[in-house]
Asker: 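Here it is: the structure, laid out below.
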Protein chains: 2
Amino acid sequence: MIGVKIRQLREAKQMLIREVAAQLKTDTAMLSKMERGERPFKKEDIIVLANVFKQPKKELLTLWLADRILKNTSNEEYTIESIQLALKIAKENT
Amino acid sequence: MIGVKIRQLREAKQMLIREVAAQLKTDTAMLSKMERGERPFKKEDIIVLANVFKQPKKELLTLWLADRILKNTSNEEYTIESIQLALKIAKENT
DNA sequence: CTTACATTAGTCAAAAATTGACAAGTCAAC
DNA sequence: GTTGACTTGTCAATTTTTGACTAATGTAAG
């Protein structure tokens with residue numbers, strides 16, 4: 001999901017994987033995989049990309065973290081209930 | 001959190017760590033750590049414990065998974081927003 | 001068709017994280 | 001000061017993740 005978003009932003013800016021990969025100090029194979037969700041982005045990557053694409057850091061980081069949550073809950077039972085409960089607890093701890 | 005719950009249930013049943021650990025085919029040191037959140041429970045452990053303590057499997061599994069979510073989101077920015085977004089997406093994918 | 005360039009797939013060693021097991025420690029009650 | 005319940009610390013072994021590199025695929029232009 002964050003990968004799809006990044007790809008959209010990249011294409012909107014007409015940038016090549018090669019160019020964006022350079023900003024992240026990685027190679028095209030890696031970024032290709034990241035965009036397709038086959039490898040995770042590092043948090044620092046997201047911050048760099050927020051600058052490159054002039055997006056609010058918060059928006060991209062939120063999507064990035066949501067992605068991580070979904071990655072390690074899907075394929076589990078009671079996903080929705082668990083996320084709801086996690087949300088409730090997180091709010092309480094505020 | 002799931003650890004606290006398990007400990008409560010164990011104490012309510014007046015069982016010793018040693019006894020419950022045996023059910024999980026592990027030792028007391030391990031279960032002690034699990035109850036205190038220093039090591040994770042395996043999913044299968046939770047199911048065994050639901051039987052031992054006569055609790056609804058769903059309730060314990062939900063708490064167990066919520067725990068996992070919180071573990072890898074806390075210490076991050078935008079935790080609540082991310083969990084909210086994850087919930088939204090999870091619901092859509094239903 | 002063949003070249004040139006963008007992207008994707010595959011592989012793999014090194015690094016990092018997790019796991020399970022054991023020994024030793026604290027602490028309270030007796 | 002011994003016993004029993006629990007906790008702490010350590011460690012090798014397994015598993016997972018990471019980064020990098022090479023090869024394959026796609027595609028548009030000449």
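Atom set for the values below is all heavy atoms of this structure, side chains included, hydrogens, waters and symmetry mates excluded. All chains are named by letter (A, B, ...) in the order of the sequence lines, taking the proteins before the strands, and each is independently numbered beginning at 1.
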Asker: Return the value, rounded to whole Å, for the distance between atom CD of A:Q14 and atom C1' of C:dA6.
Answerer: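 Between C1' of C:dA6 and CD of A:Q14: 14 Å.
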
Asker: Between B:R7 and D:dT7, does any side-chain N or O lie under 4.0 Å from OP1 or OP2?
Answerer: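 Looking at the OP1 and OP2 atoms of D:dT7, one of them is under 4.0 Å from a side-chain N or O of B:R7.
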
Asker: Figure out the CZ/C1' separation between B:F41 and C:dT18, and round it to whole Å.
Answerer: 16 Å

Asker: Check the distance between C:dT8's C1' and A:L16's CG and give it to me in whole angstrom.
Answerer: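 Rounding to the nearest Å, CG of A:L16 and C1' of C:dT8 are 15 Å apart.
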
Asker: Apply side chain to side chain contact (heavy atoms under 4.5 Å, CB included) to the pair A:I83 and A:L87, showing each step before the final yes or no.
Answerer: CA-CA 6 Å; A:I83 299 177; A:L87 180 57; 5.5 Å; no

Asker: Tell me whether A:E44 is salt-bridged to A:K25, with the criterion being a basic N under 4.0 Å from an acidic carboxylate O.
Answerer: no

Asker: Just how far, in rounded Å, is P of C:dA6 from CE of A:M15?
Answerer: 13 Å

Asker: NZ of B:K71: more than 12 outside heavy atoms within 6.0 angstrom?
Answerer: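 No, NZ of B:K71 has 12 or fewer neighbouring heavy atoms, counting only those of other groups under 6.0 Å.
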
Asker: Whole angstrom is fine here: how far is it from CZ in A:R18 over to C1' in C:dT7?
Answerer: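 It works out to 11 Å between those atoms.
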
Asker: Is it the case that over 12 heavy atoms from other parts of the model lie below 6.0 angstrom from the CD atom of B:Q14?
Answerer: no

Asker: For the side-chain contact (heavy atoms from CB on, under 4.5 Å) test, which of B:M15, B:E35, B:R7 pairs with B:V20?
Answerer: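 Only one option passes, and that is B:M15.
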
Asker: Is any side-chain N or O of B:S32 closer than 4.0 Å to OP1 or OP2 of D:dT7?
Answerer: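 So the side-chain polar atoms of B:S32 do come within 4.0 Å of the phosphate oxygens OP1 or OP2 of D:dT7, strictly under.
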
Asker: Under 4.0 Å between a side-chain N or O of B:R36 and OP1 or OP2 of D:dC6?
Answerer: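 False: B:R36 side-chain N/O out of range (4.0 Å or more) of D:dC6 OP1/OP2.
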
Asker: Starting the side chain at C-beta, find the nucleotide from C:dA6, D:dT8, D:dC6 nearest to B:E38.
Answerer: D:dT8

Asker: Calculate the interatomic distance between A:L31 atom CG and C:dA9 atom C1'; express it in whole Å.
Answerer: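 Taking atom C1' of C:dA9 as the reference, CG of A:L31 is at 15 Å.
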
Asker: Below 3.5 Å between N/O atoms, which protein atoms pair up with nucleotides 16-21 of chain D? Just atom names and distances, please.
Answerer:
residue : atom : partner : partner atom : Å
D:dG19  : OP1  : A:K42   : NZ           : 3.4
D:dG19  : N7   : A:R39   : NH1          : 2.9
D:dG19  : O6   : A:R39   : NH2          : 2.9

Asker: Using a 3.5 Å distance criterion without hydrogens, assess whether the side chain of B:R68 forms a donor-acceptor pair with backbone atoms of A:N72.
Answerer: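 Yes, the answer is positive, given that a donor and an acceptor are paired below the 3.5 Å cut-off.
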
